[in-house]
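Notes follow once the structure below has been shown.
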Amino acid sequence: MDAISVNVKHLEVTEEQCTHEDKTDPDTVEEKLISSNEHSWRPWQQSRSRIRECVLYVKKVLVSFASMEWYCYALLGIITALMSFFMDMTVAKLLNAHQWLYGCLKGHRLLQFLCWTLYPACLCALSTSFAHSICPFSAGSGVPEARAILLGIDMPGYLSLSNLFAKVFGLICTLASGSTVFLGKVGPFVHLSIMVGAFMNRLHVSCRGGKQRAAKGEMLVVASAVGVASCFGAPISGVLFSIEVMGTHYSVRDYCPCFFAAACGAITFRLLSVCSRDQETIQALFKTSFSSDLPYQPFEIFIFALLGLFCSILSCIYLFCHRWALRFVKTNKTISGFLATEKSLYSAIVAFLLACFTFYHSAGHFIAAELTMKQLLTSLLDGTSWYTVSQNATALPEPQNIFWQAWNPPGRGYFQTLGFFITVKVGLLVVACTLPLPAGYFMPVFVYGAAVGRFVGEGSAYLLSDGISSTKSLINPGGYALAGAAAFSGAVTHTLSPALLALEMTGQCSHAVPALVATLVSNAVARAKHRPSFYDGISLIKQLPHLPSLIRACPKLANVQIKQFVVPAGAVLKRTDTLTSVQHILNDSTDTEVPVVDSHDSPILLGTINKSQLQECLQEHRNEGSCKRLEEVCSIQPVRLHLTPESTVKQAHCIMSVTGEQRLFITENGRLCGVVTWKEMKKIIEEMAKEV
């Protein structure tokens with residue numbers, strides 16, 4: 001009541017003043033009364049103040065244990081894990097519905113064909129139309145664009161809220177298409193995690209009461225690790241992935257936050273699986289039961305090395321076909337014109353053609369097309385040799401029996417099925433990669449590598465069916481599938497993290513050395529002659545300003561010197577300048593730091609002075625401007641980082657990416673020559689991308 005009476009009195013005084021000033025204009029008096037009433041009255045003031053006090057108290061308690069940044073890291077891992085789990089659950093229900101409908105139509109081949117082809121075609125069309133109508137940037141993997149963002153390139157719209165929702169819905173539809181389209185979720189989910197990280201960054205800044213920082217920051221680097229950890233419950237390989245793929249110039253200060261957030265995401269993801277009764281306890285996503293007594297013989301290391309060599313050759317073929325297909329789609333006038341206007345129809349047609357080929361009564365029974373991607377990987381990682389199973393297939397339990405029938409159809413042997421799978425899936429995957437919808441490409445190559453490893457393992461088990469040496473120990477084809485998955489996916493992405501990911505996904509540490517040997521051999525061959533990786537190839541075709549990708553495609557760019565891109569330093573102060581002359585120079589400068597030289601005749605760079613500090617000094621000595629010199633009232637800070645004209649663009653880019661500096665001073669024999677700004681650096685990289 002007191003507050004109301006005060007407001008009323010205030011309004012009466014306002015009305016009297018307005019009437020006295022302008023009695024002939026009642027409309028003006030009424031407008032002022034309404035404006036005063038709107039600004040002075042707010043609903044539920046006491047409730048709002050109490051809520052604010054509670055929030056501030058909770059914040060004070062939380063900050064007493066750790067800084068708010070660490071709570072944002074934990075929240076980032078938990079939110080990303082929740083997204084991953086509910087996405088998997090939704091996709092599993094859609095896949096089960098498709099399999100149930102397909103099973104109900106057994107005996108009606110035409111209806112089964114329509115069910116098998118139209119279901120993924122409609123889902124792919126829906127994914128494409130929804131993604132491009134809401135946000136055109138949501139198509140594709142998102143990893144190449146995220147790498148450019150982490151290096152400081154401004155890409156508006158790629159971290160927006162509309163992109164997040166479009167990517168989530170489109171990715172669910174893509175994954176629900178099943179093994180017909182044969183696409184995964186790792187890449188888009190890393191992009192989704194980085195979007196969540198951008199919002200966590202804003203939350204952290206708002207809690208501090210500061211302004212919004214740039215999109216580039218350690219929160220986004222942490223988010224890239226959380227994306228992989230929340231997909232597979234594998235925190236260590238998630239951090240290694242963020243170092244190898246996302247962070248070209250990795251900062252050590254991000255190491256501990258990456259592990260903390262990745263662990264929060266992995267634990268949450270596995271606990272949700274236990275709560276939903278998908279698993280009895282916290283365990284690996286693809287639990288295997290390899291024998292740990294004698295997992296492999298010493299001479300098998302050479303077979304694993306040959307497997308890595310075989311995977312590297314196949315990866316080079318796959319990457320060449322993938323880049324050729326993307327260039328063909330982009331340069332062909334008919335297809336590019338059709339994609340520009342009818343993206344949804346293109347996705348539906350391609351998905352329909354893929355489904356026609358993978359239909360069971362077509363060629364699907366030669367490639368185990370009825371199995372989902374998870375079932376494919378589970379069957380390939382099985383430690384039991386299929387040669388042994390073929391001797392007594394009736395004794396298999398139900399899940400293994402279904403897998404055996406899929407890989408050993410009537411009239412065909414498992415060697416023929418595996419060989420046809422390896423031969424055909426490369427072409428099918430290349431065609432699927434041209435679809436303009438949200439999709440990941442890591443899991444398909446991981447499964448493909450497992451099939452290659454299984455083929456080599458089954459061949460070795462068949463040739464050595466009587467056992468190895470005097471111990472009569474049998475070869476484990478599942479171990480070869482594990483090593484093949486790591487080797488092929490590592491060769492495609494030019495990384496070693498798939499070796500560790502394979503171990504974390506299966507919980508199998510006995511084959512750590514074979515998996516690492518195969519991955520190292522495959523990487524050595526795949527990286528030869530500066531061949532671009534999968535993500536580098538996409539960056540080059542999209543002409544993204546990602547300098548490491550450009551250097552891999554054109555190594556001579558690494559030796560381009562910075563001297564041809566140097567610009568004048570702008571406002572430069574002498575140490576003997578008076579405060580009056582300094583004030584005139586500052587009025588025309590927009591830089592946050594101003595360089596200080598010895599003299600204009602001998603521009604030896606002495607250091608820099610912060611502009612805000614300089615303004616404080618000028619304000620403090622405003623009455624002594626003509627007699628005080630700059631060096632007498634201000635402390636000159638030495639320059640921490642500076643380059644020479646002979647320094648390369650790669651060196652300047654590396655320093656700016658790690659330190660976040662917006663400009664670097666260029667000196668020669670201590671003399672200031674100019675500066676290179678981050679804005680100019682981005683222009684240089686964009687020009688390089690167009691030329692390459």
request  = In sequence, state the C-alpha distance, the side-chain angles, and the governing distance for D536 and R323, and then conclude on salt bridge (Lys or Arg N to Asp or Glu O under 4.0 Å).
outcome  = CA-CA 10 Å; D536 293 334; R323 289 193 295 270; over 6 Å; no
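- Considering only heavy atoms from C-beta on, F357 stays 4.5 Å or farther from T180 through its side chain.
- Applying the salt bridge (charged side-chain N to carboxylate O under 4.0 Å, His left out) test to residues at least two apart or on different chains, none of the pairs has a partner in residues 96-110.
- The two residues L240 and S497 have their closest heavy-atom pair at CD2-CA, 3.6 Å.
- Side-chain contact between H98 and W116 is present, with heavy atoms from C-beta onward closer than 4.5 Å.
- Between N163 and S160 the shortest side-chain heavy-atom distance falls below 4.5 Å.
- Under the side-chain hydrogen bond (donor to acceptor under 3.5 Å, both in side chains) criterion, S312 pairs with no residue, sequence neighbours left out.
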Quick one: side chains of residues 76-90, donor-acceptor pairs under 3.5 Å with protein atoms, not counting sequence neighbours, listed by atom name and distance.
residue	atom	partner	partner atom	Å
T80	OG1	L76	O	2.7
S84	OG	K185	NZ	2.8
S84	OG	S230	O	2.9
D88	OD1	K185	NZ	2.8
D88	OD2	K185	NZ	3.3
T90	OG1	F86	O	2.8

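- Legend: salt bridge (charged side-chain N to carboxylate O under 4.0 Å, His left out) pairs involving residues 130-146, not counting sequence neighbours, sorted by first then second residue: E145-K542.
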inquiry  = Pair F488, Y448 - check ring pair (Phe, Tyr, Trp, His ring centres under 6.0 Å), show working.
reply    = CA-CA 8 Å; F488 186 77; Y448 183 85; 4.9 Å; yes
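- Crowding of F420 atom CZ: a count of heavy atoms from other residues, nucleotides or ligands under 6.0 Å exceeding 12.
- What you find for S533 and L319 is that their closest heavy atoms are C-CD2, 4.4 Å.
- Of all the heavy atoms in A351 and P120, the pair that sits closest is CB-O, 4.0 Å.
- With rounding to the nearest 0.5 angstrom, the CG atom of L175 is 8.5 Å from the CG atom of L183.
- Between the side chain of T128 and the backbone N or O of C124 there is at least one donor-acceptor pair closer than 3.5 Å.
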request  = Give the C-alpha distance, both sets of side-chain angles, the deciding distance and a yes or no for ring pair (Phe, Tyr, Trp, His ring centres under 6.0 Å) between W324 and F320.
outcome  = CA-CA 6 Å; W324 179 87; F320 174 79; 8.0 Å; no
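- The side-chain heavy atoms of N523 and T519, taken from C-beta on, include a pair separated by under 4.5 Å.
- In this structure, SG in C173 is found 4.0 Å from CG in L126, a value given to the nearest 0.5 Å.
- Under the side chain to side chain contact (heavy atoms under 4.5 Å, CB included) rule, R147 has a single partner from V245, V190, I194, which is V245.
- Here F182 contributes atom CZ and L429 contributes atom CG; the two are 6.5 Å apart, rounded to the nearest 0.5 Å.
- Judged by distance alone, the side chain of S193 and the main-chain N or O of A223 form a donor-acceptor pair under 3.5 Å.
- Using a 4.5 Å heavy-atom threshold, the side chains of F366 and Q416 count as separate.
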request  = Test side chain to side chain donor-acceptor pair (under 3.5 Å) on Y346 and T434 and set out the steps.
outcome  = CA-CA 10 Å; Y346 174 84; T434 63; 3.1 Å; yes
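- Put simply, the side chain of H132 gets close to the backbone of P436: a donor and an acceptor are under 3.5 Å apart.
- Between the CD1 atom of I367 and the CD1 atom of I422 there is a distance of 12.5 Å, given to the nearest 0.5 Å.
- The closest donor-acceptor contact from the side chain of H322 to the backbone of V430 lies at 3.5 Å or more, if one exists at all.
- Judged purely by atom type and a 3.5 angstrom limit, S179 uses its side chain to pair as donor or acceptor with the backbone of L371.
- A donor-acceptor distance shorter than 3.5 angstrom exists from the side chain of E504 to the backbone of S237, with no hydrogens or angles considered.
- Between F113 and C356, the closest side-chain pair of non-hydrogen atoms falls below 4.5 Å.
- Between L418 and A451 the shortest heavy-atom distance is CD2-O, 4.1 Å.
- In this structure the side chain of L164 never reaches within 4.5 angstrom of the side chain of F169, judged on heavy atoms.
- We find the OG-CG distance between S522 and L314 to be 11.0 Å, quoted to the nearest 0.5 Å.
- A cation-pi contact links R454 to W386, judged by a cut-off of 6.0 Å to the six-membered ring centre and 45° from its axis.
- Under the 3.5 Å distance criterion, the side-chain polar atoms of E342 are left unmatched by any main-chain donor or acceptor of L339.
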query = Hey, mind stepping through F421 and W407 against ring pair (Phe, Tyr, Trp, His ring centres under 6.0 Å) and telling me if it holds?
reply = CA-CA 10 Å; F421 183 93; W407 288 107; 5.5 Å; yes
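- Using a distance-only test at 3.5 Å, with no hydrogens or angles considered, no donor-acceptor pair links the side chain of E244 to the main chain of T495.
- Legend: residues meeting side-chain contact (heavy atoms from CB on, under 4.5 Å) with F232, ordered by chain and number and at least two apart, are V186, V228, A234, L285, M443, L501, M505.
- Formation of a donor-acceptor pair under 3.5 Å by the S138 side chain with backbone atoms of A131 is found in this model.
- With sequence neighbours excluded, no residue forms a salt bridge (charged side-chain N to carboxylate O under 4.0 Å, His left out) with K167.
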request  = Begin from the C-alpha positions of T174 and S127 and carry the test side chain to side chain donor-acceptor pair (under 3.5 Å) through to its verdict.
outcome  = CA-CA 6 Å; T174 303; S127 174; 3.1 Å; yes
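- The neighbour count for K330 NZ, taken as heavy atoms of other residues, nucleotides or ligands under 6.0 Å away, is above 12.
- With rounding to the nearest 0.5 Å, the separation of OG in S385 from OH in Y414 is 6.0 Å.
- Of the possible polar contacts, one joining the H191 side chain to the Y158 backbone as a donor-acceptor pair under 3.5 Å is found.
- Between S141 and Y535 there is a side-chain heavy-atom pair separated by less than 4.5 Å.
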